[in-house]
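Note sheet for the following structure.
Chain letters run A, B, ... following the sequence lines, proteins first, then strands; residues in each count from 1.
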Amino acid sequence: MSNIIETFSLTKRFSKATNYRALFRLQRQDDFTAVDGVNLQVRDGELFGLLGANGAGKTTLVKILCTLILPSDGRALIGGQDVVAHSTEVRRLIGLVDTQERSFFWRLTAYQNLQFFASLYGLKGATATKRIAELLDLVGLTAQADRRVMGYSTGMRQKLAMARGLLVAPQIIFLDEPTRSLDPVSAHELRVFVHDTLVKQMGRTVILVTHRLEEAEELCDRVAIMNQGQIIACGPVNDIKQLVTARQQYHLRIAQFSPTSLDGVRQMAGILQLEATTTDEMTTLDLLLDDENITLSPLLRYIMAQGGHIQHCQAQSLSLEKAFVQLVGKK
Amino acid sequence: MLHQTLAFIRRDFQTQSSYRLDFIMQLIGMIVSMSIFYFISRILGTAVNPYLLRYNTDYFHFALMGIAFYPFITISSNSLAESVHEYQYSGTLEVLFLSPTPIFPLLVMSTLWRYCWAVAETMFYLLTALFVFGTTLDWQNIFTAMFIVVLTIFANVGLGLINASFSLVTKRTSPLARLLGLVTNLLAGVYFPIEVLPNWLRFCSYLLPATYSFEALRRAMLQGASLTELRSPILALLAFTVILLPIGLISFKYAIRWAKIDGSLSQY
């Protein structure tokens with residue numbers, strides 16, 4: 001499978017223009033690096049997840065790939081075309097579903113909005129009418145199609161944004177937080193549509209930018225985790241988890257364990273996180289160990305030495321969320 | 001491209017028709033402003049006014065030509081900036097930039113409804129003046145007037161591009177647009193002949209393309225002047241086009257590049 005998106009040391013630095021004179025400076029002072037030497041390859045037909053905390057640089061990276069922001073250094077190719085030198089050709093290949101609140105003409109109805117954007121992309125007449133009807137049906141807005149967008153809820157506008165992004169079903173679709181304001185049923189339907197229809201049936205490449213790690217885990221073939229403008233991990237979800245496998249989460253239930261003994265647990269080397277719940281009969285511990293081979297035996301010995309009866313001890317599989325937190329935290 | 005052009009006009013028609021009261025108020029406003037100038041003209045009387053002598057007309061006819069054709073001046077110099085500002089405010093500018101059609105033609109298409117509306121406005125003024133106030137215009141010269149209007153648009157659109165560049169970069173209405181609007185009202189001969197102005201201000205008025213537009217339109221519609229007779233203002237308008245249009249295009253290109261470097265296309 002060939003790469004449809006490739007970046008080479010892609011960098012974006014922003015400068016603060018504090019006054020009008022700054023507009024005319026030839027040498028501008030760069031104050032903030034949003035994307036820092038990113039090298040990324042996304043394969044044709046892949047469902048690729050882009051994860052990162054707020055301000056990690058995900059949106060800037062996507063906007064560079066969508067030709068909306070010019071990079072400071074490095075290159076990005078979409079379908080073999082440079083995003084700076086051949087931006088018009090690149091725009092023919094991409095679609096962006098950006099679910100920000102303001103991106104429609106609020107005085108127009110949903111149908112009129114889609115009709116206008118369909119025209120922008122060269123869809124006309126019966127083809128446009130049919131496509132709009134299909135998409136309104138897909139996102140569940142057929143009954144609301146003749147209502148003005150100004151009366152729509154956030155979730156409805158998000159669905160409409162999805163419909164707009166799919167008007168011409170381009171080869172590469174960037175989905176920026178597509179389920180952010182959707183109810184669970186709508187979010188599930190959308191995920192099924194993205195995975196089964198867009199990627200599996202239609203063979204489109206989808207870049208899913210999301211904070212919902214369980215969503216990325218469920219859908220994506222591969223994910224990249226961004227932190228402070230850099231890609232700190234990239235690969236299949238299981239491989240990402242493997243990066244932090246030495247860290248293991250354990251769930252313990254202990255009888256006759258004094259709450260005062262918890263301080264001793266906290267002070268043990270190799271305990272990264274500890275969440276404790278204590279009742280009269282039982283203490284429940286959720287622990288994240290730096291390395292179970294080193295930490296687990298001394299921990300269990302300490303608990304028994306304090307008179308605790310271990311009734312349950314189970315290693316828990318690490319979620320992508322935990323792996324994400326660990327990776328970002330480690331950096 | 002024609003299909004897209006019609007889509008922009010349809011979108012703006014749909015938007016404007018959603019403000020029905022606004023539409024009615026605009027019509028009332030036009031009738032009221034025309035009536036004001038009609039009654040001012042009656043106060044001034046029909047005696048020969050030395051300042052209007054060369055137009056061979058009364059004050060109402062003079063002012064009518066100013067208010068009827070003024071929309072083309074404001075639209076050509078402001079509408080691109082207004083479109084940019086509206087797109088920034090509605091959050092649709094980035095969506096337009098994502099279209100395979102380059103942004104400049106899209107922005108030009110965004111202004112077409114305003115031009116359609118200006119044509120309707122001008123015709124409303126002229127026809128109301130004809131049927132209600134009994135004006136006498138040289139209707140045989142309407143095509144000459146239309147040609148002057150087209151030249152006026154080209155002469156001003158360079159300024160429009162500079163204003164749009166300001167909006168892209170500063171996210172505000174261009175200070176140049178405000179200044180230009182004020183100065184045009186005062187100096188370009190919209191409501192009174194520039195001969196009234198002191199010499200130094202009259203010199204300033206010759207630096208405005210609108211001065212030549214109103215001069216040519218009045219002579220065409222009030223005196224029946226031919227294109228040959230209007231060659232001086234026509235050449236002046238062409239000169240403004242040749243000078244301002246490239247400056248406008250370069251500044252607009254620079255402004256887009258700046259906004260893309262700054263990552264501020266969607267900001268307002």
- Task: Determine, stepwise, if the pair B/Ile261 / A/Arg13 fulfils side chain to side chain contact (heavy atoms under 4.5 Å, CB included).
- Result: CA-CA 9 Å; B/Ile261 289 173; A/Arg13 292 182 290 270; over 6 Å; no
- Task: Return the set of residues passing salt bridge (Lys or Arg N to Asp or Glu O under 4.0 Å) with B/Glu82 (not counting sequence neighbours), or none when no residue passes.
- Result: B/Arg114
- Identify, with sequence neighbours excluded, every residue that meets salt bridge (Lys or Arg N to Asp or Glu O under 4.0 Å) alongside A/Glu6.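 Partners of A/Glu6 under the salt bridge (Lys or Arg N to Asp or Glu O under 4.0 Å) test: none.
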- Item | Most contacts with chain A, counted as non-hydrogen pairs under 4.5 angstrom, among B/Arg10, B/Arg11, B/Gln4 | B/Arg11
- Item | Top contributor to chain A contacts, counting heavy-atom pairs under 4.5 Å, from B/Thr15, B/Thr92, B/Leu106, B/Leu98 | B/Leu98
- Task: Output the option from A/Arg164, A/Arg92, A/Lys124 having the highest count of non-hydrogen pairs under 4.5 Å with chain B.
- Result: A/Lys124
- Message: Using a 4.5 angstrom heavy-atom cutoff, name the option from A/Ala118, A/Ser119, A/Gly125, A/Cys66 with the most pairs to chain B.
- Response: A/Ser119
- Counting distance only, does the side-chain N/O of A/Arg107 pair as donor-acceptor with the main-chain N or O of B/Gln16 below 3.5 Å? no
- Message: Treating B/Lys260 as the side-chain partner and A/Ile64 as the backbone partner, does any N or O pair qualify as donor plus acceptor under 3.5 Å?
- Response: no
- Does the side chain of B/His3 reach to within under 4.5 Å of the side chain of A/Leu123, using non-hydrogen atoms?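 A side-chain contact under 4.5 Å is absent here.
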- Between B/Ser18 and A/Arg148, what is the shortest heavy-atom contact and its length?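 It is CB-NH2, 3.1 Å.
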Atom pair [atom1]/[atom2] of [X] and [Y] - distance to nearest 0.5 Å:
X        : Y        : atom1 : atom2 : result
A/Phe105 : B/Ser90  : CZ    : OG    : 5.0 Å
B/Phe8   : A/Leu120 : CZ    : CG    : 5.0 Å
A/Ile69  : B/Asp262 : CD1   : CG    : 9.0 Å

Greater than 12 external heavy atoms within 6.0 Å of [X]'s [atom1]:
X        : atom1 : value
B/Phe154 : CZ    : no
B/Met123 : CE    : yes
A/Arg147 : CZ    : yes

Is chain A contacted by the side chain of [X], its backbone, both, or neither, given a heavy-atom distance below 4.5 Å?
X        : result
B/Gln88  : backbone
B/Tyr89  : backbone
B/Arg257 : both

Toward chain B, the part of [X] with a non-hydrogen atom under 4.5 Å:
X        : result
A/Lys63  : side chain
A/Leu108 : side chain
A/Leu167 : neither

- Message: If the contact rule is any heavy atom under 4.5 Å from chain B, which residues of residues 110-117 of chain A qualify, in numerical order?
- Response: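 Listed by number: A/Gln112, A/Gln115, A/Phe116, A/Phe117.
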- Item | Residues forming a side-chain contact (heavy atoms from CB on, under 4.5 Å) with B/Asp12, sequence neighbours excluded |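 Applying side-chain contact (heavy atoms from CB on, under 4.5 Å) to B/Asp12 gives B/Trp113.
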